[in-house]
Amino acid sequence: MKRPAFLDSPPLFLEFERTELRALHRDALHHWPLERTADGRLTDACRARVIAQLAALVRAAPWQPRPRAWCALPAQGVALRRLTLPQVPAPERHRLVALQVESEFPLAPEALAWGHAPLPPQPGATPDAAPSQPALVAAARRDLIDHYAALLHEAGLAPAFVPAALARAQLLPDAPAPALLLHVGEHPTELLLGDAAGPESLRVLSLHADALVHALEPATPNAPSSPAPAPIPDPLETLIRALPDTPGQPRLFLSGTASRHPALVARLPHALGLPGLATPLDEGPGAPSSALRGLQQLVAQGRSSTVPQLATESAPASSQPWWQRLPRPWLAAAAVLLLAWLTLPYLEASLRAPGLAARLDTLKSERQRLAVIDRQYDFLRHLQQNQAPYLDALLVLGKTAPPGTRVESIAMNLRGELVLRGVLRNSQEVVDFRTKLVDSGFFSSVVIEEQSPAPNRQNLNFRISAQWKPASARAGLPILKEDPATPAPVPGAAGSTGPTPVARPPTPRPG
């Protein structure tokens with residue numbers, strides 16, 4: 001469920017430059033100078049001043065969380081990489097990108113602040129190829145990110161860091177064509193290369209706006225002409241070498257303080273061999289920079305997940321304890337919930353005591369039936385443990401008896417002894433019948449005690465005695481398992497292969 005808008009403070013947009021910090025809050029632009037040490041960090045006095053200015057600029061209500069501060073960082077020290085990842089869930093994708101960061105960048109992952117964002121799939125991918133997801137990874141040194149994050153945390157802000165070049169790229173038109181974004185100012189020039197899928201690489205060039213403008217200015221009329229072609233000026237040569245050797249004619253976009261200079265807009269594309277005129281992104285003095293406007297558009301359109309955000313595994317610690325950084329209403333609500341959690345068991349016991357007492361009386365009255373149930377259970381368990389496997393023995397005889405067997409009598413007792421009298425056609429069937437009984441695994445011993453010709457001289461009377469095995473040895477025999485696919489034969493029916501019980505002849509009466 002989406003959180004109501006009144007719970008969130010308006011976001012703050014910041015752009016860190018070498019000598020200046022720009023802030024855009026509630027459509028109001030602010031400029032603060034920065035003083036740095038030799039290693040690029042802010043001095044202690046400058047740091048304290050910036051914290052006080054940010055805290056005075058953004059004041060959240062007590063019930064609101066920390067305001068979000070979207071920070072645009074210069075390209076110096078920032079690297080971009082394109083990766084192709086398999087289609088995996090989001091948690092697995094983050095772990096997979098971490099492994100790629102460890103192999104692609106020269107520094108260890110714990111020394112980097114990095115982030116990734118998905119890119120649209122490449123056009124022209126074969127349908128038989130394995131599904132993949134291209135991603136853009138941005139990484140920078142962690143020490144500088146931690147330095148800025150600690151400063152913003154002490155000012156009461158929740159920071160999110162984005163490369164300034166990617167923020168400016170949000171102002172480019174959504175056209176499926178390659179583009180070059182050149183940021184020219186007082187500091188080293190930034191060159192962002194992109195194609196139809198999005199940004200591709202970021203380069204920092206040792207070019208200054210004044211030198212580039214001077215190289216593009218036309219020669220004076222009084223200058224002596226020379227028949228030899230003029231060599232390419234150094235700034236243009238450096239810029240030409242940085243251009244990618246890709247098919248197509250990319251469009252040139254300019255940003256920075258000198259981006260609206262006529263020489264850059266009109267002559268720079270022609271000097272680089274590009275068609276048309278350059279398109280400036282900055283609106284001029286007094287207006288927010290292209291990086292701030294790009295961040296504002298990124299948040300307003302809800303597309304923050306499409307840009308890599310530089311983050312570390314652990315947030316920088318603040319100078320204040322964690323209980324002092326929590327809003328007071330949240331602390332009061334937590335105290336009320338803790339008090340309710342501690343007193344709830346006692347309240348539950350007092351409310352449910354009458355019902356539990358009545359249930360306990362019912363259980364005591366039913367306790368007298370336990371003795372009767374125990375005696376009945378012992379009796380049934382005794383019957384189960386001592387019953388003879390008469391039905392299992394008959395099942396084994398029915399499955400192993402040859403077709404046409406006539407059973408005269410079967411005698412079984414509790415000691416496991418079985419005596420079978422019957423009639424078969426010949427002695428070979430009697431031997432086969434005994435072999436099947438032994439192979440069934442149900443009997444420990446099977447003995448043919450008697451074989452004699454029948455009165456009709458065509459059949460053979462036999463008597464077999466057997467001893468079945470203990471219950472532990474009979475458990476799990478395959479012959480005792482019923483086959484649901486084979487219907488039970490009907491005694492006396494046509495085609496029945498089982499033994500057909502024959503009624504014994506009546507005993508003649510004496511006299």
Side-chain angles (χ1 to χ4, degrees), residues 369-493 496-510:
R369 299 179 54 190
L370 294 179
V372 180
I373 295 176
D374 289 341
R375 290 195 300 269
Q376 294 176 354
Y377 173 73
D378 293 339
F379 174 70
L380 294 176
R381 183 175 58 181
H382 174 75
L383 290 180
Q384 183 181 10
Q385 292 177 353
N386 295 280
Q387 64 180 354
Y390 298 135
L391 296 180
D392 292 343
L394 293 178
L395 178 63
V396 173
L397 292 177
K399 288 187 175 182
T400 57
T405 303
R406 290 189 301 171
V407 178
E408 298 290 341
S409 64
I410 299 176
M412 292 181 284
N413 55 30
L414 293 176
R415 294 189 299 272
E417 299 174 352
L418 181 145
V419 177
L420 171 64
R421 292 179 179 272
V423 179
L424 286 173
R425 287 190 292 269
N426 50 52
S427 59
Q428 184 61 37
E429 289 188 351
V430 176
V431 174
D432 294 341
F433 185 25
R434 175 189 175 278
T435 302
K436 291 181 180 180
L437 290 176
V438 174
D439 295 339
S440 67
F442 187 83
F443 299 99
S444 60
S445 63
V446 180
V447 179
I448 302 175
E449 295 187 348
E450 180 182 345
Q451 296 186 62
S452 61
N456 58 3
R457 301 296 180 178
Q458 295 181 358
N459 297 328
L460 186 67
N461 295 331
F462 67 92
R463 180 164 61 90
I464 294 178
S465 62
Q467 177 76 35
W468 59 61
K469 295 180 179 181
S472 59
R474 300 193 308 268
L477 291 176
I479 197 170
L480 298 179
K481 297 180 181 179
E482 296 183 1
D483 186 6
T486 304
V490 180
S496 175
T497 59
T500 303
V502 180
R504 299 184 63 181
T507 306
R509 297 180 179 179

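These numbers come from the heavy atoms of this one structure, side chains and all, not from hydrogens, waters or symmetry mates.
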Looking at P403, is its backbone amide N or carbonyl O close enough to the side chain of E429 to form a donor-acceptor pair, meaning the two atoms are under 3.5 Å apart? no
With sequence neighbours left out, what residues match R421 under side chain to side chain donor-acceptor pair (under 3.5 Å)? none
Taking the side chain as every heavy atom from C-beta outward, state whether F442 and L418 have any pair of such atoms under 4.5 Å apart. no
Please examine the side chains of F462 and V431, heavy atoms only from C-beta on, and report whether any two atoms are closer than 4.5 Å. no
So, do V419 and R463 sit near enough that their side-chain heavy atoms are less than 4.5 Å apart? yes
Using the side chain to side chain donor-acceptor pair (under 3.5 Å) criterion, which residues pair with R375? Sequence neighbours excluded. none
Which is it for L460 and N426 under the side-chain contact (heavy atoms from CB on, under 4.5 Å) test, yes or no, and what are the steps along the way? CA-CA 6 Å; L460 186 67; N426 50 52; 5.7 Å; no
Can you name the nearest heavy-atom pair linking M412 to A393, along with the distance? SD-CB, 3.8 Å
Pair L394, I410 - check side-chain contact (heavy atoms from CB on, under 4.5 Å), show working. CA-CA 9 Å; L394 293 178; I410 299 176; 3.8 Å; yes
Should we say atom CZ of R381 is surrounded by more than 12 heavy atoms from elsewhere, each under 6.0 Å from it? yes
Hey, does T435 have a side-chain heavy atom less than 4.5 Å from the side chain of T400? no
Indicate yes or no: at least one non-hydrogen side-chain atom of V396 is less than 4.5 angstrom from one of F443. yes
